[in-house]
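A, B, ... follow the sequence lines: proteins, then strands. Residue 1 opens every chain.
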Protein chains: 4
Amino acid sequence: MAIADDPIADGAPAQRLTRAQRREHFLDVAAALVAEGGFEAVTMESVAARAGVSKGLGYAYFDNRGELLAALFERETGQLDRPATRAADAQETFEGKVRATVGVVFDTVAAKGPLIARLLRAEAEGPINERRTKRQRVIERRWAQLIADEYGVSEPTARASAAIMLASIPRVIELWASGKGSREELTETYTRMCTAAARDLGSAI
Amino acid sequence: MAIADDPIADGAPAQRLTRAQRREHFLDVAAALVAEGGFEAVTMESVAARAGVSKGLGYAYFDNRGELLAALFERETGQLDRPATRAADAQETFEGKVRATVGVVFDTVAAKGPLIARLLRAEAEGPINERRTKRQRVIERRWAQLIADEYGVSEPTARASAAIMLASIPRVIELWASGKGSREELTETYTRMCTAAARDLGSAI
Amino acid sequence: MAIADDPIADGAPAQRLTRAQRREHFLDVAAALVAEGGFEAVTMESVAARAGVSKGLGYAYFDNRGELLAALFERETGQLDRPATRAADAQETFEGKVRATVGVVFDTVAAKGPLIARLLRAEAEGPINERRTKRQRVIERRWAQLIADEYGVSEPTARASAAIMLASIPRVIELWASGKGSREELTETYTRMCTAAARDLGSAI
Amino acid sequence: MAIADDPIADGAPAQRLTRAQRREHFLDVAAALVAEGGFEAVTMESVAARAGVSKGLGYAYFDNRGELLAALFERETGQLDRPATRAADAQETFEGKVRATVGVVFDTVAAKGPLIARLLRAEAEGPINERRTKRQRVIERRWAQLIADEYGVSEPTARASAAIMLASIPRVIELWASGKGSREELTETYTRMCTAAARDLGSAI
DNA sequence: AATGAATGAGGGTTCATTCAT
DNA sequence: CATGAATGAACCCTCATTCAT
């Protein structure tokens with residue numbers, strides 16, 4: 001409805017963005033929508049509307065809805081995983097790495113809300129599921145390596161235990177979100193559980 | 001479209017079943033569809049088509065799609081939880097109970113496929129989420145009690161640790177389903193992880 | 001669900017009725033449903049359910065939904081029109097007849113609720129519309145005759161004026177139902193309007 | 001299915017109209033359908049089919065079926081009421097105003113068919129009923145004021161009589177449409193009935 | 001690049017009606 | 001006479017996607 005030269009109309013930056021900026025903006029909007037209403041809330045139309053652009057424009061940046069969601073997944077997990085890896089790398093022990101990783105997860109959730117939990121947990125449309133599986137494999141392998149190295153756990157058992165530990169991280173976030181424990185308590189509990197389990201698995205037959 | 005070897009020819013009126021039989025049949029079909037394609041694959045239409053009946057018939061048995069899904073959830077979790085509780089009750093120790101529970105889970109998956117893992121894990125439509133949350137609360141409380149009693153873990157920590165342990169059961173099933181370990185190995189690993197964690201949490205401050 | 005020898009189960013007379021009784025019962029139920037929720041509320045299923053019989057039974061008494069509604073219309077308008085005619089016949093003047101007729105209408109509405117208003121007014125499914133038109137023609141002709149005879153109004157004008165007068169009777173009922181006047185006031189107003197109009201139309205060119 | 005002389009071929013994409021044009025087109029189609037078959041004949045699907053567009057397009061213009069019907073009601077009654085008010089305002093007396101109003105009604109029906117009668121009369125779905133009730137209240141109040149002022153009729157009686165008079169206008173249209181009188185005769189008859197009634201109600205106790 | 005009209009398929013739901021038992 | 005399982009058509013509504021402008 002506005003006709004001219006508002007640099008940014010209506011709260012929605014509807015103008016003169018570079019291709020990359022506009023793409024990011026789409027992802028920001030999609031992130032907000034997932035956080036508010038889950039994946040179903042992300043429709044090409046809702047994203048366009050919230051972004052203040054026309055219905056068809058999304059397709060100039062993403063092949064289809066699946067790709068938009070996949071791009072969102074990549075961006076958000078990247079923003080979680082890079083700091084997490086960095087924080088873990090700064091630690092010597094498995095225990096330190098676990099604690100550091102959980103810390104970054106909490107930080108991220110604090111900063112961006114339930115988005116990341118949803119991304120990691122939900123049964124979602126195809127393109128996301130594939131990527132999630134791939135990401136999981138990578139992270140599980142890393143943790144398994146640490147467990148095997150530090151506690152002398154056999155390869156396959158280390159793999160399984162890493163998978164089991166990682167699977168409950170979203171629940172830890174949920175517990176926090178629903179007030180079932182403080183950040184510190186939950187970090188402590190989770191870290192102790194992981195290390196105790198790893199130690200035990202490495203200890204005997 | 002199929003021409004041969006359908007038990008029921010394509011335009012012919014379906015078998016006339018009793019109310020209870022038809023209801024079970026619908027749930028069987030829904031179960032198969034969830035196993036294959038997740039919740040989204042369950043539409044009143046897809047169920048009817050697969051069941052070989054007309055589109056509207058489902059509504060004579062379930063008020064709406066949500067109720068169908070809810071009924072499926074109730075049936076399947078009931079078939080898991082009743083034997084699991086029975087098996088756990090027959091054991092004295094937390095360790096025994098965990099092992100027995102996992103055993104029943106494996107039995108169930110062996111008999112009915114990975115459906116149950118999906119039911120327990122996925123972020124799903126409203127009616128299922130509510131029921132899952134409720135069920136979780138009940139089971140978590142039970143495990144928490146055991147952990148607190150047997151290992152002297154404080155109430156809140158026991159609650160959190162139970163939640164964390166239970167959250168990874170679907171992943172255990174997945175590991176098995178994808179060949180990442182035998183039933184015995186996975187049972188052993190998971191059980192040791194749980195008991196080691198509980199013991200550790202109870203050991204000191 | 002009950003298996004034997006309740007003479008009347010569940011508030012619903014579900015048993016041992018003669019054909020005619022059962023037919024009447026269906027109409028009673030349909031009447032109640034129209035009064036509560038309009039024509040749309042009358043489905044073959046809702047009628048059967050309320051009557052405490054099985055879904056298909058209605059078709060043993062009425063060819064189809066339209067016929068059920070039509071039979072209801074006939075019965076109810078008959079129960080209005082016969083007393084109305086009798087009451088009108090007992091009066092000498094047009095004014096008396098109008099007053100008597102309106103009195104019977106009020107009595108009927110008082111006894112049977114908004115059913116009759118709905119039957120007379122609503123744009124309804126085909127079979128009812130036809131009958132209503134026919135009924136209207138009959139009554140309009142009668143009133144027109146009276147107007148012509150008593151006030152010397154020409155045939156066509158008498159016909160038109162009768163139609164115009166009769167068309168507002170449902171509104172009179174509505175006014176009463178919504179508390180916009182007492183029975184007596186509304187009867188008086190309506191009667192005076194009709195007689196004044198008739199007198200005027202007969203008076204000159 | 002039609003093969004010839006459709007302006008638009010059967011599977012071809014429809015004319016691309018502006019938003020306003022398409023909206024009007026939808027309303028035109030809906031109007032035609034109401035005129036032919038009443039409200040029930042207006043479904044989002046029937047409108048789309050008649051308009052030669054795809055099933056879902058209507059929802060880009062109206063939130064749902066109710067809104068479409070409501071918009072139709074607003075448009076049509078607006079096109080009747082604005083000229084009617086103007087014509088009535090140009091007259092000094094109640095008689096003149098009644099005659100002028102009826103004249104505009106006839107003009108409108110002549111131009112657009114009996115649609116308006118249906119809109120004003122029928123018991124319809126919620127959104128229309130509300131609006132009709134509101135409109136009626138406004139017009140009844142206006143007429144009541146005139147009757148009270150010019151003939152000295154008491155407030156409540158004036159209200160009731162106005163309601164009664166207005167309720168028969170659709171019937172006047174029907175009489176005309178079914179050839180039961182000329183425009184002039186019906187206008188004259190209706191106007192005399194109204195004025196005679198008002199005069200009488202004002203004359204005594 | 002961007003708009004926004006339009007498509008078309010998919011899925012939810014309701015009911016009149018039929019018919020095997 | 002009665003039951004109640006089943007059909008099938010008609011609607012409602014939403015969205016991913018295309019494409020003329």
- Task: Tell me yes or no: between the side chains of A:Arg22 and A:His25, is some donor less than 3.5 Å from an acceptor?
- Result: no
- Task: Can you run down the salt bridge (Lys or Arg N to Asp or Glu O under 4.0 Å) pairs that involve residues 51-69 of chain D, sequence neighbours left out, and say none if there aren't any?
- Result: D:Arg65-D:Glu125
- Rounded to the nearest angstrom, tell me the gap between atom CZ in D:Arg19 and atom C1' in E:dA6. 12 Å
- How would you list, by chain and number, every residue that makes a side-chain contact (heavy atoms from CB on, under 4.5 Å) with A:Ser46, sequence neighbours excluded? A:Leu33, A:Thr43
- Could you list by number each residue of residues 61-68 of chain B showing a heavy-atom separation from DNA chain F of less than 4.0 Å, or answer none if no residue does? B:Tyr61
- In whole angstrom, what separates D:Leu69's CG from F:dC12's P? 10 Å
- Query: Which pair of heavy atoms, one from C:Ile116 and one from C:Glu76, lies closest together, and at what distance?
  - Reply: CD1-O, 3.9 Å
- B:Val53 side-chain proximity, nearest of F:dT7, E:dA6, E:dT3: F:dT7
- Task: Would you kindly give the CZ-to-P distance between B:Arg50 and E:dG11, to the nearest whole Å?
- Result: 13 Å
- For B:Tyr61, ring pair (Phe, Tyr, Trp, His ring centres under 6.0 Å) partners two or more places apart: B:Phe26
- Message: How many whole angstroms separate atom NZ of C:Lys55 from atom C1' of F:dA6?
- Response: 8 Å
- Query: Considering heavy-atom distances to DNA chain F, does D:Glu45 or C:Ser54 have its closest nucleotide positioned more toward the 5' end?
  - Reply: C:Ser54
- Task: Name all stems that contain residues of DNA chain F, defined as runs of 3 or more consecutive Watson-Crick or G-U wobble pairs, both distances under 3.5 Å.
- Result: E:2-21 with F:2-21
Distances under 3.5 Å between nitrogen or oxygen atoms of protein and nucleotides 19-21 of chain F:
none

- Query: Without hydrogens or angle criteria, can the side chains of B:Glu130 and B:Thr133 be said to hold a donor-acceptor pair below 3.5 Å?
  - Reply: no
- Partners meeting salt bridge (charged side-chain N to carboxylate O under 4.0 Å, His left out) with C:Glu74 (sequence neighbours left out): C:Arg131
- Partners meeting salt bridge (charged side-chain N to carboxylate O under 4.0 Å, His left out) with C:Arg132 (sequence neighbours left out): none
- Gap between atoms CZ and C1', on C:Arg23 and F:dC1 respectively (whole Å): 17 Å
- Item | Upstream residue (5' side of DNA chain E) when C:Val42 and D:Thr18 are each assigned their closest nucleotide | D:Thr18
- Item | Residue whose nearest DNA chain E nucleotide is more 5′ - C:Thr43 or B:Tyr59 | B:Tyr59
- Could I get the full list of salt bridge (charged side-chain N to carboxylate O under 4.0 Å, His left out) partners for A:Arg23, not counting sequence neighbours? none
- Message: What is the separation between atom CZ on C:Arg22 and atom C1' on F:dT3, rounded to the nearest whole Å?
- Response: 12 Å
- Query: Pairs in or reaching into residues 25-39 of chain C: which pass salt bridge (Lys or Arg N to Asp or Glu O under 4.0 Å), with residues at least two apart or in two chains?
  - Reply: C:Asp28-C:Arg75, C:Glu36-C:Arg50
- Rounding to a whole Å, what distance do you find between C:Glu40:CD and E:dT13:C1'? 15 Å
- Query: How close or far is atom P of F:dC11 from atom CZ of D:Phe39, stated in whole angstroms?
  - Reply: 16 Å
- salt bridge (charged side-chain N to carboxylate O under 4.0 Å, His left out) partners for B:Glu40, two or more places apart: none
- Message: Among residues at least two apart in sequence or on other chains, which ones pass side-chain contact (heavy atoms from CB on, under 4.5 Å) with C:Ala35?
- Response: C:Pro114, C:Leu115
